[in-house]
Trainee: 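Below is a structure I'd like to ask you about.
Residue numbers begin at 1 in each chain, while the letters A, B, ... track the order of the sequences.
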There are 2 protein chains.
Amino acid sequence: MKFSAQEEYGLRCLITIGLKESATIPEISREEGLSEHHTAKLLSILRKAGFINSTRGHIGGYRLARPAEEIAISGVLEVLGGKLYDKRFCAKHSGLLTMCTHVGSCSIRSVWRQIQDAVDTVLDRVSLADLLAEAEVSILDLPKDRAGLKNHELRQVTNVH
Amino acid sequence: MKFSAQEEYGLRCLITIGLKESATIPEISREEGLSEHHTAKLLSILRKAGFINSTRGHIGGYRLARPAEEIAISGVLEVLGGKLYDKRFCAKHSGLLTMCTHVGSCSIRSVWRQIQDAVDTVLDRVSLADLLAEAEVSILDLPKDRAGLKNHELRQVTNVH
DNA sequence: GCGATACATGACATAATAGTCTAGATTGCG
DNA sequence: CGCAATCTAGACTATTATGTCATGTATCGC
């Protein structure tokens, strides 16, 4: 069970846009250390899903389509990485058979569902606004705690991530 | 965020062994609808991780290395599919940079951790014994509820999976 | 209008995952 | 012993996820 790269990077891009109100691909790309093409691809997914709006042209860029409070992280992750346990799951895992052998007696399915529920419970409580608030606090805290530290020193303090 | 095929199939194989006390590759392969080679690969992972023991030769096969009560599903899934959020995660997702831009201010990391905790809480409560009990009950229930139904009828009742 | 700055899109290349196949080693039985 | 049933290991292939690239479209300011 893993988070996909698309979930990680896509969510980061969304946070960047939220923090800056408005941002262009080159800006986001620079901030997150992604190529512009890669960034464009991720933003395209977020835009098609209705989380952000785009404006073309000289002073164009992206901004949130709705207030951050109304953007649930669960929805964002679903678009970027799919549902953990979706309806097609069992159909896709019937091995060589056309039908899963466990019809009517699938004890694993219940575990998957429980996990899905637990994850949903966490995610439904978190909106983009929560993440933005957290990011802002962290940035403000930084100079106080770590003023004067070089990058390689910082790495040790924070154990990288 | 997805379950991997290896997690799904590997766990199923373990359940089959638990239910039958002892099972061979051809048996498990038949029950789960997997090729024998595929089954062998999955069992090899489970064996190396110490969940099952193997015996070669004519009357060989696999059996649980410990009582099902002592086999935590969390451990099994970790071996089959890795941790959801492990230490190398952020290092692997720094994009083109050698170091993540969010050192010291990573709001996403906290979401990933919360999800990881929620999943762990669910999984730590479940042992292989719980899954075996559930599987046995389901099998016993079947004839009562669905006696006389053909496969294609069953499919409709149970909505496949 | 035209050039600079942006976004849009789909084909392509690369890497990770999933699953197959070949060859070999071990054990029990007659 | 020699054969059949069983596990073991690792190379190979196919599929999917990731990320790049080339090309095209829209908007603004001059």
Trainee: Rounded to the nearest Å, what distance is computed from the NZ atom of residue A:K2 to the P atom of nucleotide C:dA15?
Mentor: 19 Å
Trainee: A:E36 CD to C:dA8 C1': how many Å, rounded?
Mentor: 14 Å
Trainee: Treating Ile, Leu, Val, Met, Phe, Trp and Tyr as nodes and any side-chain heavy-atom pair under 4.5 angstrom as an edge, say whether A:I115 and A:Y85 lie in one connected cluster.
Mentor: yes
Trainee: Keeping A:D130 on the side-chain end and A:S127 on the backbone end, is there a donor-acceptor pair under 3.5 Å?
Mentor: yes
Trainee: Distance check needed: C:dT17 C1' versus B:F3 CZ, whole Å only.
Mentor: 17 Å
Trainee: Please report the distance, rounded to the nearest Å, between CD1 in A:I17 and P in C:dA6.
Mentor: 14 Å
Trainee: Does the protein touch nucleotides 1-17 of chain D at the base, only the backbone, or not at all? Give it as B, S and - per nucleotide, heavy atoms under 4.0 Å.
Mentor: ----SBBSS--------
Trainee: Using whole Å, report how far CD1 of A:I28 lies from C1' of C:dC7.
Mentor: 11 Å
Trainee: In whole angstrom, what separates A:H38's NE2 from D:dA22's C1'?
Mentor: 18 Å
Trainee: Would you find a donor on one side and an acceptor on the other, under 3.5 Å apart, between the side chain of B:Q6 and the backbone of B:L42?
Mentor: no
Trainee: Between B:N53 (CG) and C:dT26 (C1'), how many Å, whole number?
Mentor: 16 Å
Trainee: Sequence neighbours left out, what passes salt bridge (Lys or Arg N to Asp or Glu O under 4.0 Å) with B:K83? Give chain and number order.
Mentor: B:D120
Trainee: Hydrophobic cluster membership, with links at side-chain heavy-atom distances under 4.5 Å among I/L/V/M/F/W/Y: are B:L64 and B:Y9 in one?
Mentor: no
Trainee: Only pairs at least two apart or in different chains count here, so list each salt bridge (charged side-chain N to carboxylate O under 4.0 Å, His left out) that has a residue in residues 35-64 of chain A.
Mentor: none
Trainee: Could you state the atom-to-atom distance from CD of B:E32 to P of C:dG19 in whole Å?
Mentor: 13 Å
